[in-house]
Amino acid sequence: YDAFRRAEYENIIFYEHPKSKFGLGYILKDGKDNFIVFFNADPKTELEFPLPDGIWEVLVDKNSAGIKAMYELQGKIKLEHSTGMVLKLK
């Protein structure tokens, strides 16, 4: 996706996990596409992240990465320790 090649600063919203200094993420807006990238850098603890409203397609998880949706999520996600995810708003 072009959004990951060169994003304007005003199209990126960073945020930290409210309960862990090891959890972080950002929302990337590119025209009609919205993405969320999450990281759990904690070496031992699973972290839960709330998702903005909508249905989110998972493009990258702990097992696979690609440009097509593997499955969909709503509400919140749980990231195992030392993992990340990339999601796209459906």
Side-chain angles (χ1 to χ4, degrees):
Y1 291 94
D2 289 337
F4 292 99
R5 291 192 181 113
R6 178 167 161 80
E8 299 296 329
Y9 185 77
E10 60 270 7
N11 295 331
I12 303 170
I13 302 167
F14 291 96
Y15 60 95
E16 297 176 8
H17 192 275
K19 297 180 180 177
S20 173
K21 65 182 178 179
F22 294 108
L24 59 108
Y26 64 91
I27 297 172
L28 176 59
K29 297 181 180 192
D30 183 50
K32 63 181 172 112
D33 291 329
N34 291 306
F35 300 90
I36 297 179
V37 179
F38 288 115
F39 301 101
N40 178 3
D42 193 303
K44 298 179 183 177
T45 305
E46 177 181 89
L47 295 177
E48 185 174 283
F49 291 85
L51 291 173
D53 290 339
I55 298 171
W56 292 88
E57 301 175 326
V58 177
L59 305 176
V60 176
D61 67 10
K62 68 177 185 169
N63 298 312
S64 300
I67 58 170
K68 294 184 180 180
M70 296 183 287
Y71 53 95
E72 297 174 352
L73 295 172
Q74 286 181 267
K76 61 185 174 184
I77 63 166
K78 291 183 180 180
L79 283 182
E80 291 183 19
H81 61 86
S82 304
T83 62
M85 291 186 94
V86 177
L87 299 96
K88 180 179 181 282
L89 185 62
K90 186 172 183 180

Do V37 and I13 sit in one hydrophobic cluster, given that two such residues count as connected whenever their side-chain heavy atoms are within less than 4.5 Å of each other, even indirectly? no
Got a sec, which hydrophobics cluster with I55, joining ILVMFWY side chains under 4.5 Å apart, including via others? none
Those residues at least two apart in sequence (or on a different chain) that pass ring pair (Phe, Tyr, Trp, His ring centres under 6.0 Å) with F39 are none
Does CD belonging to E46 count more than 12 external heavy atoms closer than 6.0 Å? yes
Atom pair NZ (K88) and CD (E57), whose distance is rounded to the nearest 0.5 Å: 5.5 Å
Work out which heavy atom in H17 is nearest to a heavy atom in E48; give both atom names and the distance. NE2-O, 2.7 Å
Establish whether W56 and F35 are linked, either directly or via other cluster members, by ILVMFWY side-chain heavy-atom contacts under 4.5 Å. no
Close side-chain approach of M85 and F49, heavy atoms under 4.5 Å: no
Holding to side-chain hydrogen bond (donor to acceptor under 3.5 Å, both in side chains), I want the full list of residues that pass it with R6, two or more places apart in sequence or in another chain. none
Would a hydrophobic clustering, with Ile, Leu, Val, Met, Phe, Trp and Tyr connected at side-chain separations under 4.5 Å, put L79 with Y15? yes
Apply side chain to side chain contact (heavy atoms under 4.5 Å, CB included) to the pair L47 and F38, showing each step before the final yes or no. CA-CA 10 Å; L47 295 177; F38 288 115; over 6 Å; no
Sorted by chain and residue number, the side-chain hydrogen bond (donor to acceptor under 3.5 Å, both in side chains) partners of D2 (sequence neighbours excluded) come out as R5
Determine whether more than 12 heavy atoms belonging to other residues, nucleotides or ligands lie under 6.0 Å from atom CG of N63. yes
Determine whether L59 and L89 fall in the same hydrophobic cluster, where Ile, Leu, Val, Met, Phe, Trp and Tyr are linked whenever their side-chain heavy atoms lie under 4.5 Å apart. no
Least distance between heavy atoms, P43 atom then S82 atom: CA-OG, 3.7 Å
Would you name the heavy atoms of K62 and E80 that are closest together and state the gap between them? NZ-OE2, 2.6 Å
Reference residue V86; test side chain to side chain contact (heavy atoms under 4.5 Å, CB included); the match among V60, I36, V58: V60
Show me the donor-acceptor pairs within less than 3.5 Å that the side chains of residues 65-72 make with the rest of the protein, sequence neighbours left out.
{"from": "Y71", "atom 1": "OH", "to": "D61", "atom 2": "OD2", "distance (Å)": "2.9"}
{"from": "E72", "atom 1": "OE2", "to": "K90", "atom 2": "NZ", "distance (Å)": "2.7"}

Sequence neighbours left out, cut at 3.5 Å: what donor-acceptor pairs do the side chains of residues 18-31 make with other protein atoms?
{"from": "S20", "atom 1": "OG", "to": "F22", "atom 2": "N", "distance (Å)": "3.0"}

